[in-house]
Amino acid sequence: MKAIAIVDANNFYVSCERLFNPRLRDQATVVLSNNDGCIVSRSNEAKEMKISMGVPLFQVSKIIEQNGVHVLSSNYELYGDMSHRMMEVLETCSPEVERYSIDEAFISLEADDSQGVEELGRAIRAKIHRHVGIPVSIGIAATKTLAKVAGHHAKVLPGLDGVFDLTPASIQVPVLRNTPVEEVWGIGWRWARKLKTAGILTAFDLREARESWIRSNMSIVGLRLARELRGIPCHTLNTCPVPRRAINSTRSFGQMVDSKDELKAAVASFVARAAEKLRREKMVAGAITVFVRTNKFHEDEEQFSGSVTLQLAPMTCITNEIQEIAFKALDSLFRQGLRYKKAGVMLTGLVPANLIPQPLWEAEKSERLRAVMGKVDRLNQRFGRETVQCGQFHSEGKWRMKLDSRSPRYTTRWDELLKVVC
DNA sequence: TCTGGGGTCCTAGGACCC
DNA sequence: TCTGGGGTCCTAGGACCC
């Protein structure tokens, strides 16, 4: 029998921090988003204190102080590296691995005479724990959506020890009846609200709902979802990474920004980051969107949110060339007298760099520029982001984000290696 | 005072063409 | 200048995910 499994790391960011700081084990710990704004990962102890996912830090500061919860800024370099290690182990366990997010992968499992899918799942869980040290939950079923349901149960039901096999037909109905509809993968709060009004309260109700109703209220997306709950696969495994369609770089500012120069500096830095990603993927972009917005939480201030898209012709991956167009977009977007909280850029129309024709007379120039960019990227990779900067920059500025309590990047920086003191 | 970032997919509507 | 259906392409916006 062949099945799909979802392998999902438990409290991933907190688990990564605990690997290198064992004092955090058994202690309530949370990890924050960029700018130290929101809670994005919680240990089980923190979850028990009713600290919700995604809440702003200041709203739970009382709980955190009263209980001595450990609070860490996010350390994406560390989490990215641990994620990579986990995926490498998975690739030794299954011929088909889809890296779904930083802490999750879908894999195929094939049972044989000696081992059922559940035993396979348990072996994988043990191997990841042994080689990487991160605890995972594994849900197994015939479709991705059912596997996610199984994975959720594997995580929260203590008796299952982290692995739940939902392939036996006999248990599917009771399990789906016990799954609130808002916990189904693909159902967000808006659809959940709509479904509840229509009397669809559980995953089972959604599975049994009329297809015509689903189609007209939730589009083809909802229809696929309902079929997946019935065991009809609509989402296959994507084992080779699909080419990216867009690259973003956006940030909320540490403090509000009102000057155009400072906004320009922020946009220049976002373009630099996005262009670096673009070159790493060996692609060029055909268009750039720049957006700015005020602080939507300050309801008493004048609000503005706008974006401008401009073509990049010829297509390019050169930071300075993209910055030039981005500044034009910003010029037409900027309004004096507003206080901005967030800005960003999005590169779209991405094409592999080797597929676009180069005009002969441009070839030499673009070759030279690309070589320069390559050197800049290598220097920044080696000595840290923004060691070498392109175009206009203020290295400091109100827009820079806060990261007050980041742990060392133990596995990717020589000077931040874990020190053992005897 | 403080409120994340980076993605994907789908649909509706407008512009344009035949 | 208006009439109309059908097709494509593009963009904005909405919904979702982690």
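Here the structure is a predicted model, which means the values were calculated and not measured. Quick note on labels: first sequence line is chain A, next is B, and so on, each numbered from 1.
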S.K.: Please determine whether the number of non-hydrogen atoms from other residues, nucleotides or ligands lying under 6.0 Å from atom CZ of A:Arg413 exceeds 12.
M.R.: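 Yes - once you tally the heavy atoms of other residues, nucleotides and ligands closer than 6.0 Å, there are more than 12.
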
S.K.: Is the phosphate of B:dG6, meaning OP1 or OP2, less than 4.0 Å from a side-chain N or O of A:Arg251?
M.R.: yes

S.K.: Is the Lys NZ or Arg CZ of A:Arg335 less than 6.0 Å from the centre of A:Phe304's six-membered ring, within 45° of the axis?
M.R.: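 Yes - A:Arg335 lies over the ring of A:Phe304, closer than 6.0 Å to its centre and within 45° of its axis.
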
S.K.: Taking B:dC16 as the reference, what is the distance to C:dG4 when you measure between their C1' atoms (whole Å, please)?
M.R.: 15 Å

S.K.: Taking OP1 and OP2 of B:dG4, is either one under 4.0 Å from a side-chain nitrogen or oxygen of A:Lys342?
M.R.: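 Looking at the OP1 and OP2 atoms of B:dG4, neither is under 4.0 Å from any side-chain N or O of A:Lys342.
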
S.K.: DNA chain B: A:Pro243 or A:Pro56, which has the more 5' nearest nucleotide?
M.R.: A:Pro56

S.K.: If you pin A:Ile220 and A:Phe297 to their nearest nucleotides in DNA chain B, which one's is more 5'?
M.R.: A:Phe297

S.K.: Send over the distance from A:Phe253 CZ to B:dG5 C1', rounded to a whole Å.
M.R.: 14 Å

S.K.: Counting only heavy atoms and a strict 4.0 angstrom limit, can you tell me which residues of residues 200-210 of chain A come near DNA chain C?
M.R.: none

S.K.: OH of A:Tyr13 versus C1' of C:dC18: gap in Å, rounded?
M.R.: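 Roughly 7 Å, once rounded to whole Å.
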
S.K.: Do we count A:Trp185 as stacking onto C:dC17 if the rule is ring centres under 5.5 Å and planes under 30°?
M.R.: no

S.K.: So if I take every side-chain heavy atom of A:Ser252 and compare against C:dC17, B:dG4, B:dG7, which nucleotide ends up nearest?
M.R.: B:dG4

S.K.: Using atom P of each nucleotide, how far apart are C:dC2 and B:dA15 to the nearest Å?
M.R.: 15 Å

S.K.: So, does A:Asn248 get its side chain near the phosphate of B:dG7, meaning an N or O under 4.0 Å from OP1 or OP2?
M.R.: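 Indeed, a polar side-chain atom of A:Asn248 lies that close.
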
S.K.: Return no unless some side-chain N or O of A:Arg245 is found under 4.0 Å from OP1 or OP2 of B:dC9.
M.R.: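 Yes, such a contact exists.
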
S.K.: So what's the dot-bracket for DNA chain B: Watson-Crick or G-U pairs under 3.5 Å, [ ] if a pair crosses, | if it pairs off-strand?
M.R.: ....||||||||||||||

